[in-house]
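Remember, predicted model here, so these are calculated numbers, not experimental data. All residue numbers refer to positions in the sequence shown, counting from 1.
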Amino acid sequence: MTASAVVTGLGVASPNGLGLKDYWAATLGGKHGIGRITRFDPTGYPARLAGQIDGFDAGRLLPSRLLPQTDRVTRLALVATDWALADAGADPKTLPEFDMGVITASAAGGFEFGQGELQALWSKGSQYVSAYQSFAWFYAVNSGQISIRNGMKGPAGVVVSEGAGGLDAVAQARRQIRKGTSLIVTGAVDASLCPWGWVAQLAGGKLSTSDEPDHAYLPFDRDAHGYVPGEGGAILITEDAEAARRRGARPYGEIAGYGATIDPAPGSQRPPGLRKAIETALADAHLSAADIDVVYADGAGDPAGDLVEADALSAVFGDRGVPVTVPKTMTGRLYSGGAPLDLAAAFLSLRDGVIPPTVHIDPCTDYPLDLVLGEPRPAQLRTALVLARGNGGFNSAVAVRAL
């Protein structure tokens, strides 16, 4: 029998809440964390808003020896992992080291650390470049540092598929659990709010240039004109269901199904791949469209991307056939960290019987979606579907189920 992968712990670092409790209270309350960038002066840039995490004190939460060798993104990931393990009641010191692994996603790596070292190189010389630059910028650094800090010597890796990567990492964690590993740390955190990282994001041409936080990121709105990026994400503790039961853990739910596709090349006249990813995830979970109680949408925030997603949801579920929410309107798009944050919210929705709202949007009537707007919606929930897309044509879908 194939092992069931369950989620037993959640660790969240989000622009609208640090820690699971604060994040969930803020999300149900419609509190957003989007504002003018303060981590550097954005005055000369065409986009000046982002979802920033305030109040994060790495010096208080991590050993001082780690600070010189880590970028902000890794510090956030390490702390979120600590919180997720505590939430799961899992102490790595008491578990077999080769029976624990780490698989995360990354869209950028440690851009801020890299910028600092490049500035040192240009202004002072190569002797002033830190030896830690050799790995602190790298996509896999979060997985490596998490595994070292927690003594996890089982399967390890990183998935790089931009905004879809967080779901792909969770799916890879499920594969490793099915192969026999008992516990995998997974999910993603991204953070690149520095001039070097900002220029890279601007190069994509899809950032909102609005200076109004309440009117900058408007998925499925007639006035949609781009997205607001942000920093943060979520780390999930996935476990073999039987192993979790033996140690007395109480899972949030099961990773029930997964599907992923790549969009065809522009001009090929072939349809986008999102619908197929949804259908594959449902089939993998042995669920029908009627079984899904809520969809956490990707919410591109541009008219073309929103139309593709609305069409896929309408084709699978029917017009207004399932409640849809986009809580990332409160945080901005967190690249590989955004979908794991939605997964965390989905599991909390299943636990509490409530769907968080999509804020600040006036839905375009061309999209036949049942969007949850303004206020949380109480509901009886057993299943949820989380969608994510990444630049380059990546599409991923994960179905989760309460136990």
Side-chain angles (χ1 to χ4, degrees), residues 1-12 20-21 23-24 27-28 80 83-90 103 166-178 181-188 233-259 278 281-297 322-325 327 338-356 372 376-388 396-403:
M1 182 177 177
T2 302
S4 175
V6 298
V7 172
T8 56
L10 301 170
V12 167
L20 193 63
K21 182 178 179 181
Y23 163 72
W24 191 229
T27 300
L28 293 181
W83 291 339
L85 288 167
D87 187 44
I103 300 169
L167 294 189
D168 296 335
V170 171
Q172 179 65 8
R174 184 177 72 149
R175 291 189 192 102
Q176 294 299 334
I177 286 170
R178 287 178 164 181
T181 305
S182 291
L183 182 151
I184 300 283
V185 175
T186 189
I235 296 295
L236 293 76
I237 306 303
T238 55
E239 295 191 62
D240 171 79
E242 180 58 27
R245 186 195 64 78
R246 286 196 302 268
R247 69 175 190 83
R250 300 182 61 182
Y252 286 96
E254 176 191 9
I255 303 296
Y258 166 70
I278 295 170
L282 295 180
D284 185 37
H286 303 290
L287 295 170
S288 70
D291 293 324
I292 295 297
D293 296 318
V294 61
V295 173
Y296 280 73
V322 64
V324 176
T325 187
L341 188 62
D342 279 349
L343 272 178
F347 280 118
L348 295 172
S349 286
L350 300 184
R351 183 193 70 181
D352 295 346
V354 62
I355 303 171
V372 178
R377 181 187 296 182
Q380 292 186 335
L381 305 173
R382 288 285 302 169
T383 62
L385 181 73
V386 177
L387 305 181
S396 294
V398 165
V400 300
R401 177 165 43 213
L403 298 173

Discussion item. Among R178, R174, R247, R245, which residue satisfies the salt bridge (charged side-chain N to carboxylate O under 4.0 Å, His left out) criterion with E239?
Written reply: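 Between E239 and the candidates, salt bridge (charged side-chain N to carboxylate O under 4.0 Å, His left out) is satisfied uniquely by R247.
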Rounded to the nearest 0.5 Å, what's the gap from [atom1] on [X] to [atom2] on [Y]? Could you check?
X	Y	atom1	atom2	result
L28	Y23	CG	OH	9.0 Å
L236	I255	CG	CD1	6.5 Å
R246	S182	CZ	OG	6.5 Å

Would you check if [X] and [Y] make a side-chain contact, meaning some heavy-atom pair closer than 4.5 Å?
X	Y	value
V354	W24	yes
T325	Y296	yes
D293	I355	no
R377	V294	no

Discussion item. Testing the basics here: between A297 and V324, what is the closest heavy-atom pair and its distance to 0.1 Å?
Written reply: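 In this case the closest contact between A297 and V324 is CB-CG1, 3.7 Å.
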Worksheet item: Residues in side-chain hydrogen bond (donor to acceptor under 3.5 Å, both in side chains) with W83, at least two apart?
Response: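 Expected list: none.
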Fill in: Atom CZ of R250 with >12 non-hydrogen neighbours under 6.0 angstrom
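Counting neighbours around CZ of R250, 12 or fewer heavy atoms of other residues, nucleotides or ligands fall under 6.0 Å, so no.
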Worksheet item: Side-chain donor-acceptor pair under 3.5 Å between E254 and S4, yes or no?
Response: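 The criterion, which ignores hydrogens and geometry beyond distance, is satisfied for S4 and E254.
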Discussion item. Which residue is it: V6, L350, T383, L385? I am looking for the one with a side chain to side chain contact (heavy atoms under 4.5 Å, CB included) to V400.
Written reply: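 Looking at V6, L350, T383, L385, the match for V400 under the side chain to side chain contact (heavy atoms under 4.5 Å, CB included) is L350.
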